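Everything below concerns the one structure shown next.
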Amino acid sequence: MSPKVCVNENLCKGCNICVEFCPKGVFAETGKIGPRGYYVPVVADSAACSACMLCEHLCPELAITVVGTREKLRRDGGRPGGHALGCEN
């Protein structure tokens with residue numbers, strides 16, 4: 001199972017740290033404005049994700065969730081309550 005990367009637009013402040021630091025280029029800048037009034041990035045190439053989790057660790061707003069990693073490190077989706085915030089089922 002390949003990892004799934006989700007950006008919660010309700011939490012994202014558009015800093016683009018994920019875009020700048022993702023070693024695989026999974027994220028891209030957009031012209032889309034999120035609910036908080038910031039330009040939110042999108043997951044442009046989810047197939048390229050290596051599940052390094054760098055984006056999740058660097059996001060200052062905790063707006064990124066990586067689920068379904070190769071090692072199944074996040075059985076609960078990485079967030080309390082057993083679901084990944086920002087991921088649509």
Side-chain angles (χ1 to χ4, degrees):
M1 178 174 150
S2 62
K4 180 177 180 181
V5 182
C6 304
V7 178
N8 186 330
E9 295 179 359
N10 293 316
L11 298 176
C12 180
K13 68 177 182 183
C15 68
N16 284 325
I17 288 175
C18 55
V19 175
E20 297 297 322
F21 288 96
C22 177
K24 300 294 184 176
V26 172
F27 301 92
E29 294 181 37
T30 67
K32 181 179 178 184
I33 298 177
R36 293 178 66 186
Y38 300 108
Y39 291 106
V40 294
V42 294
V43 178
D45 189 4
S46 61
C49 181
S50 65
C52 70
M53 311 286 281
L54 189 60
C55 58
E56 189 173 305
H57 293 296
L58 291 179
C59 180
E61 300 300 313
L62 304 175
I64 299 175
T65 305
V66 179
V67 294
T69 61
R70 291 182 304 239
E71 299 85 7
K72 299 253 182 193
L73 293 174
R74 304 270 189 186
R75 291 184 193 163
D76 65 352
R79 298 285 187 251
H83 63 280
L85 296 174
C87 289
E88 295 177 10
N89 295 333

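Sequential numbering from 1 along the given sequence is applied to the chain's residues. Side chains are part of it too, since the values below use all heavy atoms of this structure and drop only hydrogens, waters and symmetry mates. Quantities reported herein were computed from a predicted structural model and do not represent experimental measurements.
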Worksheet item: Between Val42 and Val7, does a side-chain contact (heavy atoms from CB on, under 4.5 Å) hold up when you go through it step by step?
Response: CA-CA 7 Å; Val42 294; Val7 178; over 6 Å; no

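The nearest pair of heavy atoms linking Pro60 to Lys13 is CG-CE, 3.8 Å. Minimum heavy-atom separation, Glu61 to Leu11: CB-O, 3.3 Å. Considering all non-hydrogen atoms of both residues, Asn10 and Arg36 come closest at O-CD, 3.2 Å.
Atom OG1 of Thr65 is separated from atom CE of Met53 by 8.5 Å, given to the nearest 0.5 angstrom.
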Could you pull out every donor-acceptor pair under 3.5 Å between side chains of residues 19-34 and any protein atom, sequence neighbours left out?
unit_1 : atom_1 : unit_2 : atom_2 : d
Thr30  : OG1    : Lys32  : N      : 3.2
Thr30  : OG1    : Val40  : O      : 2.5
Lys32  : NZ     : Glu9   : OE1    : 3.3
Lys32  : NZ     : Glu9   : OE2    : 2.8

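Applying the salt bridge (Lys or Arg N to Asp or Glu O under 4.0 Å) definition to pairs two or more places apart or across chains, none involves residues 37-54.
Partner of Ile64 under the side chain to side chain contact (heavy atoms under 4.5 Å, CB included) criterion, out of Cys18, Cys6, Pro41: Cys18 alone.
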